[in-house]
Colleague: 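Below you will find the structure I want to go over with you.
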Amino acid sequence: MGNSNDGEIDQQAVANAAQNAANDKEVQDAMRSAANKPEVQHAAKSAMNDKEVQKAAVNAVVGSYTNNPNQAKSNQSLFKALARNKDVQNAAVTVAKDKKVQKAAWNQAKKNAPLMKSAAIGAFKFGMSAHKASKNNNNNNSGGKY
């Protein structure tokens, strides 16, 4: 499923995993179960009436259409605005407790374990190299004790 080299993630494998998950009947049932919860429906209405969410959503959509180089920041501000909304927080907890959602998430994790292993190894290698670079940089800049 992933690349043959541990720590390197094949972007096509990630896209395929996402597509397969979207087409999985169990995942679709879990999504329907989550969407039909009153807390989720209320959170959607609440978010649409939240001025901060509205502004962030407009910026994200406009940035997407105009190929704004700051698109990632616009998306991030939208997610932050949603995360600050108390009704959205409540809906997220409700969905996390849904047994269908838990089962679908668990089964997808098992199906994609090789891909996740590769990503974890890559993150670990990146972290180790960053740590070594930081350590070397600190040693080079220490200049002695005072």
Colleague: Given side chains that start at C-beta, do those of Val62 and Asn68 come closer than 4.5 Å, heavy atoms only?
Modeller: no
Colleague: Linking directly or through intermediates, with side-chain heavy atoms under 4.5 Å: list the remaining ILVMFWY members grouped with Tyr65, chain and number order.
Modeller: Val61
Colleague: In Å, rounded to the nearest 0.5 Å, how long is the span from CD of Gln71 to CD of Gln76?
Modeller: 12.0 Å
Colleague: Could you pull out the closest heavy-atom pair between Asp98 and Ser33, with the gap in Å?
Modeller: OD2-OG, 2.7 Å
Colleague: Say you draw a straight line from NZ of Lys103 to CG of Asn107; how long is it, rounded to the nearest 0.5 Å?
Modeller: 6.5 Å
Colleague: Report the C-alpha separation of Asp29 and Glu26 in whole Å, then their side-chain angles, then the decisive distance to 0.1 Å, and conclude whether the side-chain contact (heavy atoms from CB on, under 4.5 Å) test is met.
Modeller: CA-CA 5 Å; Asp29 288 345; Glu26 181 181 39; 5.7 Å; no
Colleague: If hydrophobic residues (ILVMFWY) are linked whenever their side-chain heavy atoms come closer than 4.5 Å, directly or via other members, who joins Phe126 in its cluster?
Modeller: none
Colleague: Please give me the minimum heavy-atom distance between Glu39 and Asn90, naming the atom from each residue.
Modeller: CG-ND2, 3.8 Å
Colleague: Please tell me whether Gln12 and Asn16 have a donor and an acceptor in their side chains that are separated by less than 3.5 angstrom.
Modeller: yes
Colleague: Measure across Ala30 and Lys100 and return the closest heavy-atom pair with its distance rounded to 0.1 Å.
Modeller: CB-O, 3.6 Å
Colleague: For Asn112 versus Ala17, what's the shortest heavy-atom pair and its separation?
Modeller: OD1-CB, 3.4 Å
Colleague: Applying side chain to side chain donor-acceptor pair (under 3.5 Å) as the test, list every pair that has at least one member in residues 46-60; sequence neighbours left out.
Modeller: Ser46-Asn85, Ser46-Asp87, Asp50-Asn85, Glu52-Arg84
Colleague: Answer yes if the side chains of Asp24 and Gln28 hold a donor-acceptor pair under 3.5 Å, and no otherwise.
Modeller: no
Colleague: When you look at Val93 and Gln89, which way does the side-chain contact (heavy atoms from CB on, under 4.5 Å) test go after all the steps?
Modeller: CA-CA 6 Å; Val93 170; Gln89 292 172 7; 5.9 Å; no
Colleague: For the hydrophobic clusters of this structure (ILVMFWY residues joined by side-chain heavy atoms under 4.5 Å, transitively), does one cluster hold both Val88 and Val40?
Modeller: no
Colleague: Of the non-hydrogen atoms in Leu78 and Ala60, which two are nearest, and what is the gap between them?
Modeller: CD2-CB, 4.2 Å
